[in-house]
A.B. asks: 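Got a structure for you, questions after.
Residue numbering restarts at 1 for every chain, and letters A, B, ... go by the order of the sequence lines.
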Amino acid sequence: MSTFHLKIVSPDGVFFDGEAKQLSIRSIDGEIAVLKGHIPFLTAVAVGECRLYVNDGEVPKTAACCGGMLNVSDEEVLLAPTTFEWADDIDIERAEAAMSRAEALLQSASTDADRKIAKRKLERANLRIKVAKKA
Amino acid sequence: MASMKEINLRIKSITGTRQITKAMELVAISKLSKARERTERCRPFYNELYQALCDISTTSTAKDSPYCQAREAKKSCIIVIAGDRGLAGGYNNNLFKLFEELSADKNVCVLPIGKRSVDYCTRKGYEIISSEYSSVEDIDVGDCFEIAGSLCEMFSECTFDELYVVYTNFASMLTQDPGTLKILPLDASISANTSDNHRFMLVEPGAEAVFNSIVPDSVAGLIWGTVCESFTSELAARRTAMESATSNADDIIADLQLKYNKARKSSITQQITEIVSGAGAE
């Protein structure tokens, strides 16, 4: 089986450090997948679902992944997102509360900057709910 | 010899001081374990991010991004992360000394983080970007993103040409070293693998879009890492300082207690002598 070394680190700690078969994430340019032998590659990560295949024929591990960067070098693949949460760790109630808070914020936002922040929060909350419900 | 009353007063006052230093020590200890855990969780991210940024800056595509181009340093921005309170040994002073060294021959503007830092920079009359962040303890990842976002914007508008962080590195419970970190422009010279300079790296969708997106995020990550390190260092420094203050107070109290007992003994001896001589006279 062809695997590559993958590291997933966010400010909240190390989420994965080991051999992986395939990593799919959403970059700012759209969905991408990384397999073994990818050429050196750098992209920015958008708000989206992350799927990690460790073993053949296994259901992938999913996670909510926002921001940061994906850096593929010859030696290893580094995913350094701003926030990262495995689907199992997401608290749906909290995510739903965050979504209603973000919606309220969006309604009351007066400046463009506030609206942008609220939209981003809403997007993130939506993603977390989606990922958590799928798992 | 001082009178018993005087000695007693001093014992009382030192006992009061000791209570305060002991309490501060305990507070520092309880906060420290939490802060240390946070630092340790953040450290791998920080190290990997820093290494990755250095590597990226050596690639050929990176040369197109303004974030990687060194330009003449007309103005430098320095983020100074100090503590909220004093009574932490040399923690704040060591940091400010390093900051003075760094800023000596530069035209600087400052972003102070922490109350002591805000006070210091205001007193010294440095140009301050924002004094909003006057509590290291309450800063969270979101604040770091705000800071990084606005600083990166200022950097790309050429408001300043270099960005440094002055912070304290938490080496262990007993040693904390102040240090500086150059964040912008991303410096190719720091990278470990200088051998294959200008190596090829595919950057999608384009260097500009990618760098505009990842650089503010990464700067935020680096700032967050240094804030964590500094806050943990502050607590560790305070713990050590207060521990030695408490043990000093203990020494003084023991010494005074001895003096007090001696004074008491001599006064009792004197009284007995007086009574005996009075009885003998009768």
A.B. asks: Which pairs, with at least one residue in residues 142-159 of chain B and sequence neighbours excluded, count as a side chain to side chain donor-acceptor pair (under 3.5 Å)?
C.D. replies: none
A.B. asks: Among the options A/Val14, A/Asp17, A/Thr82, pick out the one with the most heavy-atom pairs lying under 4.5 Å from chain B.
C.D. replies: A/Thr82
A.B. asks: So what's closer than 4.5 Å to chain A heavy atoms on B/Phe145: side chain, backbone, both or neither?
C.D. replies: side chain
A.B. asks: Evaluate the ring planes of B/Phe155 and B/Tyr67, with Trp represented by its six-membered ring, and classify them as parallel (under 30°), tilted (30 to 60°) or perpendicular (over 60°).
C.D. replies: parallel
A.B. asks: Are a donor atom and an acceptor atom from the side chains of A/Thr3 and A/Glu19 found within less than 3.5 Å of each other?
C.D. replies: yes
A.B. asks: I'd like to know which of A/Ala46, A/Pro81, A/Gly68, A/Gly67 tops the heavy-atom pair count under 4.5 Å against chain B.
C.D. replies: A/Gly68
A.B. asks: Please state whether the rings of B/Tyr120 and B/Phe96 are parallel, tilted or perpendicular, taking 30° and 60° as the class boundaries.
C.D. replies: parallel
